Amino acid sequence: MQYQFNEIEAKWQKYWAENKTFQAINHSEKPKYYVLDMFPYPSGAGLHVGHPLGYIASDIYSRYKRHKGFNVLHPQGYDSFGLPAEQYAIQTGQHPALTTEENIKTYRRQLDQIGFSFDWSREVRTSDPSYYKWTQWIFIQLFESWYNNDSNKAEEISTLINIFTLEGNANVNAVCDDNIDPFTAEDWNNFSSKKQQEILLQYRLTYLAETEVNWCPALGTVLANDEIINGVSERGGHSVIRKKMTQWSMRISAYAERLLQGLDSIDWNDSLKESQKNWIGKSVGASVTFNVLPNVVAERSRSEHDVISTTLNHQIEVFTTRPDTIFGVSFMTLAPEHELVSQIVTDEQKAEVEAYILATSKRSERDRMADVKTISGAFTGAYAEHPFSKEPIPIWIGDYVLAGYGTGAVMSVPCGDQRDYDFAKHFSIPIPNIFEGVDITEEAYASKDNVVIANSDFLSGLNYKKASKLAIYELEKLGQGEGKTNYRLRDAVFSRQRYWGEPFPVYYVNGMPQMIDKAHLPIRLPGVEKYLPTETGEPPLGRADVWAWDTKQCSVVSNQLIDNETVFPLELNTMPGWAGSSWYFFRYMDAQNNLDFASEEALKYWENVDLYIGGSEHATGHLLYSRFWVKFMKDRGFVGIEEPFKKLINQGMILGTSAFAYRLSYMFANPKEEEKTNAKLLKKLENIYISHSEFSSKGDLKSNKLYLKELKVKLAKIAGLQDADALENLMIVPLPIHVKVQYVNASDELDIEGLKKDGEFGEDYKSAIFIGEKGEIIEGDNDVYKVGREVEKMSKSKYNVVNPDSICEQYGADSLRLYEMFLGPLEQYKPWNTAGITGVHGFLKKLWKLYVGENGLNVNDTEPTKDNLKTLHKTIKKVEEDIENFSFNTSVSTFMIAVNELTAQKCTSKQVLEPLLVLLSPYAPHIAEELYNKLGHNESISTAEFPIFDASHLVESSKNYPISFNGKMRFTLELPMDMSKEDIEATVMAHEKTQEQLQGRTPKKVIIVPGKIVNIVG
RNA sequence: GCUGAAGUGGUGGAAUUGGUAGACACGUUGGACUUAAAAUCCAAUGUCCAUUAGGACGUACGGGUUCAAGUCCCGUCUUCAGUACCA
């Protein structure tokens, strides 16, 4: 009986679905284990073989945990809001909900055929109103909260209002906007309702603020950095400028310290933690306030600076990690967008500064960060006053300072910071040296270690630590600074000017945002006739006709009814992709709940995700935002946990192996003329491809004269010429062209006939001529054409996409699962090459043959031999260790070795072959179920217990010692394990091969590591 | 630029705490079976030298530590990813 994988797999997938084999229950005697994959976005292209990699790994782990006696929650769902569906809607006019539904269907079909043990009864979709109802609800909770630094947690906003009513804001220690004016209780109680709302907005965890965005006037929309290529929009190539816009923000900065500290309590890999640490970017230093001198001062001589003392208009606040270098400041640099710039710029400098600001607004933030070679800036004409020396310091603007980072201003210390140094050099600004015995003629000295401050008044002679402390102390005395801890982490923009996202449960009264009561959620996405921004640049929701809130009826009504009395306009932005994905792991615990986002019992039982598998590209987005929301929800008592993901594994990406055919292209030394005269000739040579080794083995076409000559003779023949003379001056360049990988076999040979029949490109190759490996023009099978290979990202445009459907059809899901694992370590990037799958497929056939012979089952009750047991137990040991270490690739090899050995041993013992199936079942569940069933079981193999390792079967009595000389292995020697060091040395030294190696020399030293190695030195 | 990751045969990769480099596969070559193909099975396969025995070299590159380095240390190069509105 043959291994009929298609039948077997369909049978068991049906069985699992019908018997709800993998449905998790919310209460159990067994310990719980929660395995989660990162939320997939259902793209229109469907799955390619790269996508299931992480799902296969998590599925193996889930199935393993079930064998180990755990109640496993392993759900799946869709992050179904997003840009691609919207883009498609813009192009086709189809509602994104429809295309999303279609895409999900495809995804589900593809996932099902791979045989995952998901509990589909808990599926969630972020775009489903019954789901985003709760996303809206969480948003409202954030709005109704503030962060109290004294209790170090988020509290309900009512507690803040209480304080304001009783004592004003003087003693409030909150994370809030900068520059909040102080007020008393009396002030508060006398403020208008609008004023009160404005003030509260400065404290709320989600708030409206002006934020810089990439605005594309031509498209009338905001673009992600991602959508901007070389400063223009990816779509259409329109120019993009930086623009300020009022948007919802999330006060994630309130949680900076907790997000940082929390990393110590979770089992994530170090590089991921490092990424988050750097993203949060904690730095300890000081904030320093510089007074800006009135304009007149600029014209005064330096000696008169003491005259001015009274009317100081403006202040510049900077943050520095090096307060010790404050005497090294020789200029200030503001971000061009800094609000002070327009106020302090002098008339003479105005034109230059404005031109510079305009130029900067066209550069993206990433551009400005990455480009350190081009130094640019402009002098404002204004001066600040040094807090200690009272010297005037010129104020510049420069695009290396970013408005969104810190205060958007820096005190520039060129001797201690390379970028300040380069800027100073470029604009001939003095570079005072404040380090003792350090040469700064070539570059800045940025190290904090081993520095002694010099030329710095009261700081001279001190080291970094002492000088910093003293500088802060003196600044505090002056009231011009204080010690401060700064975080790079910025508050997260939460508005998107898009259609396909969660609508905000927000309407506006008198310009102030109001939350819609929980009872009326969800606020559903309205219909629009077009998914583009409006002509006036409003988001797509600006096109909705029924998008106003009636406060009396508590429902969404027509815009025409807006009277700003009882009917008000609704928010036009929608929420970003990370809104729905920041809490979905809770919804899986209790996905059908209509009363709550999840019941208390479910939350308490499942706690947090024990194992989370996904890509490292989420390191600083999703993984930080969800940690933030979970901490917030914990503070407000909605959940009981502080961290959502206990253990996290980043799977690497599977890359494509692209295939290239090489089309000959031609150039003449004198192109204009010769191309004309030879146009006819070239036409005949238009569509010729040469095989990969045809040129690579012979080197570069242009330089190898002999080969070129040969080729030209061939070309002459094709063109119907007598000889190759006419091609004398022709330069030939092989141009690599992507060909679809499905037409290439395991030996890199191109299926020319298939290619010519291709529905999409067949026509292009109809008249093509292929020159094969032996240099012959291919007609029939006289020669073969080999493609070139290159590893690239798997993508449609590179024609290297491999679809799991065709793999499942041809080799089966079990082969796909095994091969994905066999490719290499889970966390590593590795190329996919379908050719190799025959290896694992062959293994499954061998496995089948081990159990099922031509005349039925090969398994019986024979007692296992010593060798049988040894093979089994070393496999148990290795596979268990591998799964625990997420080293799935090595398990697959282990299975191969086990089957090879048991086949050679002609093993038929059920005592050995049955446990082997359980070991294999997480990896190749269908074949394992089928064979387990054949062994006489009526229950699913997923209920079987994981085999227990018995070390006694692996005890060895002897060891094949490698005998090395000066570290080089020369021969091996079989010696008993229990032999003493002395005896080993004596036996080895007496051995004839040792004598041969030494050739009479006496060794200086003999190193013996029992059970490991013998090394003879000398 | 900054931050993170990775470089081992023709290819994917393996190698507990430093202890026989290349397991397991793919590919290639040769052979068996077959009218033939497919499937299956057997053998060889890091590079170079040598008829054999054997030897030299070899884990991106350059140094170092050690009896012994793919593994540890210092420096360099290359590739990939993230870089705040792709998800």
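Everything quoted here is computed from the prediction, not taken from an experiment. Lettering of chains follows the sequences in order, A, B, ..., and the numbering in each one begins at 1.
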Using atom C1' in both nucleotides, what's the gap between B:U34 and B:A39 to the nearest angstrom?
11 Å
Checking contacts here: which listed nucleotide (B:A23, B:A25, B:C67) is nearest the side-chain heavy atoms of A:Met896?
B:A25
Checking B:A87, B:G27, B:G13 against the side chain of A:Thr838 (C-beta onward), the nearest is B:G27
Just to confirm, is there a sub-4.0 Å distance from OP1 or OP2 of B:A84 to any side-chain nitrogen or oxygen of A:Asn214?
no
Side chain of A:Trp279 (C-beta onward), nearest among B:U3, B:U20, B:U83:
B:U83
Ranking B:G19, B:G13, B:U20 by distance to the side chain of A:Ile1007, first place goes to B:G19
Checking one value: the base orientation of B:G9, syn if chi is within 90 degrees of 0, otherwise anti.
syn
Taking the side chain of A:Tyr829 as its heavy atoms from C-beta onward, which of B:G82, B:C80, B:C24 lies nearest to it?
B:C80
Please give the distance between the C1' atoms of B:A84 and B:G9 as a whole number of Å.
43 Å
Check whether any side-chain N or O of A:Ser747 sits under 4.0 Å from OP1 or OP2 of B:U28, and answer yes or no.
yes
Mind checking who B:G13 pairs with, Watson-Crick or G-U wobble, both distances under 3.5 Å?
none
Parallel, tilted or perpendicular, judged at 30° and 60°: which one describes the rings of A:Tyr625 and A:Trp578?
parallel
Scan every strand shown for a Watson-Crick or G-U wobble partner of B:U52, both distances under 3.5 Å, and answer none if you come up empty.
none
Between A:Lys993 and A:Arg488, just flag the one whose closest nucleotide in RNA chain B comes earlier from the 5' side.
A:Lys993
Charged N-O contact under 4.0 Å between A:Lys981 and A:Glu985:
no
Go through B:A68, B:A87, B:A84 for me and flag the one nearest to the A:Asn1015 side chain.
B:A68
OP1 or OP2 of B:G13 sitting under 4.0 Å from any side-chain N/O of A:Gln828?
yes
Applying the Watson-Crick and G-U wobble criteria at under 3.5 Å, what pairs with B:A21? Answer none if nothing qualifies.
none
Does OP1 or OP2 of B:C26 have a side-chain N or O of A:Lys830 closer than 4.0 Å?
no
Under 4.0 Å: is that the gap between some side-chain N or O of A:Arg970 and OP1 or OP2 of B:G54?
no
In whole Å, what separates the P atom of B:G13 from that of B:G18?
25 Å
Are side-chain heavy atoms of A:Met821 and A:Leu53 found at a separation under 4.5 Å?
yes
Of all heavy-atom pairs between A:Tyr923 and A:Ser891, which one has the smallest distance, and what is that distance?
OH-OG, 2.7 Å
For nucleotides B:A60 and B:C67, find the distance between their P atoms and express it as a whole number of Å.
24 Å
Which of B:A25, B:A87, B:U20 is nearest the side chain of A:Met969? It is B:U20
Scan every strand shown for a Watson-Crick or G-U wobble partner of B:G82, both distances under 3.5 Å, and answer none if you come up empty.
B:C2
Hey, is the side chain of A:Lys845 poking within less than 4.0 Å of OP1 or OP2 on B:U40, counting only N and O atoms?
yes
If I pick the C1' atom on B:C77 and the same atom on B:C61, what distance separates them, to the nearest angstrom?
7 Å
Presence of salt bridge, A:Arg490 and A:Glu212, under 4.0 angstrom:
no
Would you say that A:Ile654 contacts A:His48 through its side chain, given a criterion of any heavy-atom pair below 4.5 Å between the two side chains?
no
P atom, B:A87 versus B:A38: distance in rounded Å?
49 Å
When both distances are under 3.5 Å in a Watson-Crick or G-U wobble arrangement, the nucleotide paired with B:A60 is B:U76
Using whole Å, what does the distance between atom P of nucleotide B:C24 and atom NZ of A:Lys874 come to?
11 Å
With respect to the side chain of A:Pro962, which nucleotide from B:A84, B:U20, B:C86 is positioned closest?
B:U20
Spacing of the P atoms in B:C57 and B:A6 (rounded, Å)
30 Å
Out of B:C67, B:G19, B:U3, which nucleotide sits closest to the side chain of A:Glu274?
B:U3
OP1 or OP2 of B:A14 sitting under 4.0 Å from any side-chain N/O of A:Asn889?
yes
If you take all heavy atoms of A:Phe965 and A:Arg970, which pair is closest and at what distance?
CD1-CG, 3.4 Å
Please determine, for the side chain of A:Ile1013, which listed nucleotide (B:G19, B:G12, B:A39) has the closest atom?
B:G19
In the structure shown, which nucleotide is the Watson-Crick or G-U wobble counterpart of B:A68, with both distances under 3.5 Å?
none
Using the six-membered ring of A:Trp268, assess whether NZ or CZ of A:Arg627 lies under 6.0 Å from its centre and within 45 degrees of the ring axis.
yes
What's the gap between B:A43 and B:C24 when it is taken at their P atoms, as a whole Å value?
12 Å
Should B:C41 form a Watson-Crick or G-U wobble pair with both distances under 3.5 Å, which nucleotide is its partner?
B:G31
